[in-house]
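The first residue of the sequence shown is numbered 1, and numbering continues consecutively from there.
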Amino acid sequence: SIRRQRQMCIRDRFNFPHDVFFDVSITFNNTNKSFNLSVNNTLVTNLPTPYNSGVDVLGGIDFFSQNTSYEYDLDDFVFEEVFFPDTILIPDANFEQALIDAGLDTNGAGTLTGDILVTEAEALTYLNLYNKGITDLSGINGFLNLTSLNTSLNTLGSIDISGLINLESLTAQDCSLTGALNLSGNTNLKNLYADNNQVISVSFSASNLIENINLDGSNLSAIDVTNFGELHQLDVGNNSNLNVLDVTQNPKLRLLSLEVTQIVNVNLTQNPLLEYYYHNHVNLTGLDVSLNPLLKEISAYNLSLIHISE
C-alpha cells in the first residue's frame, strides 16, 4: 500500500448537546473530488478532497469547545491517503504478451494494457516464461505466491526477484545475467539453475535451505556453500576464475562438478553420499575418494594427476 498524509487546518462551528456521543460520517464523492462531513446526520461542511485520484481517505478530526453554549470548533482535519493498487505494471510488452497467451492476464480481453490484475498475479504459484523475448522483468515481484519461476532464454541482463519470498525454484539459464545475483531475500529457495550466464557472485538467504545449485558457465571467482547442510548438487564447472571451494560442510552432497576451473585440490572426505564427481581439464595435485563408498562415476580427463587414493 502507498500512504501519504496531509493536514488541513479548517474551522467550522456547530452546536450539539453536551455529554452525548457524536455520530461522525464522511461521504466521499470521487466524481467531483469532494466530501461531506456530517455530525449526527447533520451536514457540517463540504470540502474538496486533497488528492485527485479515486482513493480511500481516512479522516482524523479534532473537536473542541471554548464556551458554555457548547459550540464546537472543527479543527486540524488530517487526511491520510491509503492506496491499494488493483493492478501491477508490466512495462515489457513481451512479458505481458506471454501472460496473455497463457491465459493468465485477462483484464485487457486479449490486448496489451501494460499491467495485470493483482488478483491474477497473486493466484499463480508457477510461471514459465521460457524464451519469450523478454528484456525487462519489472512487475515480477508482484507475483507474491510464486514457488517456481522459469525465465530461461530471455535477454535480461539482471534480475530482481527480491519480493518473491515463497519462491523455491528459479531457472534462469542463458539469460545474459551479469554482475552479482542477489537471492538473499528468497528465504525459501531450494533450487537455482542459472548456468550459461556471466554472474560474478551470488548471495543466498541465511535460511540455508538450498539443495541444488547450477552456475556452470558463469564468471565466478568464489562461492561459499559452507552453510548449506541440505546441498545435494553443486555444478560450478566452466568458471575459469574459480580457484577454491570448501565442501566439507555439505554431508548430503551427491553431485559435484568442478571441470574447467582452477581448483587443483578438493577435500571430499566429508561427503559420504557423493555419487557423481566431475573435474575435467584441471591439473589436480591429488584426489582422495577413499571415503566416498557410494561413488558411481568419476570424470577427470585431460589433467596431470599426481596422486589418487581410493
Side-chain angles (χ1 to χ4, degrees), residues 130 150-153 168-181 183 189-205 208-310:
Y130 179 86
N150 187 343
T151 66
S152 296
L153 279 177
E168 297 180 3
S169 182
L170 172 64
T171 304
Q173 301 163 316
D174 297 282
C175 286
S176 302
L177 299 180
T178 61
L181 180 58
L183 302 173
L189 192 68
K190 296 180 180 179
N191 305 298
L192 171 63
Y193 307 105
D195 44 307
N196 297 323
N197 290 290
Q198 289 298 305
V199 174
I200 62 173
S201 65
V202 58
S203 55
F204 295 96
S205 162
N208 302 330
L209 299 179
I210 198 78
E211 296 178 0
N212 301 294
I213 298 174
N214 187 343
L215 287 166
D216 187 282
S218 295
N219 196 23
L220 297 173
S221 58
I223 183 171
D224 183 2
V225 296
T226 55
N227 293 321
F228 300 148
E230 298 299 316
L231 190 63
H232 296 163
Q233 299 187 42
L234 177 61
D235 184 349
V236 288
N238 294 288
N239 282 272
S240 58
N241 295 318
L242 189 61
N243 57 22
V244 64
L245 181 68
D246 182 0
V247 292
T248 60
Q249 305 300 312
N250 312 114
K252 297 183 180 181
L253 195 64
R254 295 181 181 274
L255 180 149
L256 178 62
S257 178
L258 304 174
E259 54 190 356
V260 196
T261 64
Q262 294 186 38
I263 299 173
V264 298
N265 192 17
V266 61
N267 184 349
L268 302 177
T269 61
Q270 305 303 310
N271 311 113
L273 302 181
L274 191 66
E275 297 179 358
Y276 303 94
Y277 173 54
Y278 307 103
H279 211 151
N280 303 315
H281 301 284
V282 179
N283 292 324
L284 294 177
T285 59
L287 179 60
D288 183 356
V289 292
S290 60
L291 297 178
N292 309 108
L294 301 181
L295 200 59
K296 298 177 181 178
E297 183 175 331
I298 299 178
S299 182
Y301 59 84
N302 283 359
L303 47 80
S304 300
L305 186 60
I306 297 175
H307 178 71
I308 183 169
S309 300
E310 48 181 343

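The two residues L295 and Y277 come nearest to each other via the heavy atoms CD1-CB, 4.2 Å.
In this structure S240 satisfies the side chain to side chain donor-acceptor pair (under 3.5 Å) test with no other residue, sequence neighbours excluded. For the side-chain contact (heavy atoms from CB on, under 4.5 Å) test, residues two or more places apart in sequence or in another chain that qualify with N265 are T285. With sequence neighbours excluded, the residues forming a salt bridge (Lys or Arg N to Asp or Glu O under 4.0 Å) with E275 are R254, K296, listed by chain and number.
At least one donor-acceptor pair closer than 3.5 Å links the side chain of N239 to the backbone N or O of N219. N280 places a side-chain N or O within donor-acceptor distance of the main-chain N or O of A300, the cut-off being under 3.5 Å.
A distance of 11.0 Å separates OG1 in T226 from CG in L231, rounded to the nearest 0.5 Å. The NZ atom of K252 sits 13.5 Å away from atom CG of N271, with the distance rounded to the nearest 0.5 Å.
Under the salt bridge (charged side-chain N to carboxylate O under 4.0 Å, His left out) criterion, no residue pair touches residues 231-251, with sequence neighbours excluded. Contacts classified as salt bridge (charged side-chain N to carboxylate O under 4.0 Å, His left out) and involving residues 211-227 (residues at least two apart or in different chains) are not found.
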> Going through the distances and angles, do V282 and I263 end up as a side chain to side chain contact (heavy atoms under 4.5 Å, CB included)?
Replying inline: CA-CA 7 Å; V282 179; I263 299 173; 5.5 Å; no

Name every donor-acceptor pair, under 3.5 Å, that has one atom in a side chain of residues 171-181 and the other anywhere in the protein, sequence neighbours excluded.
from : atom 1 : to   : atom 2 : distance (Å)
Q173 : NE2    : D195 : OD1    : 3.0

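Between L234 and the options L245, N214, N212, a side chain to side chain contact (heavy atoms under 4.5 Å, CB included) holds for only L245.
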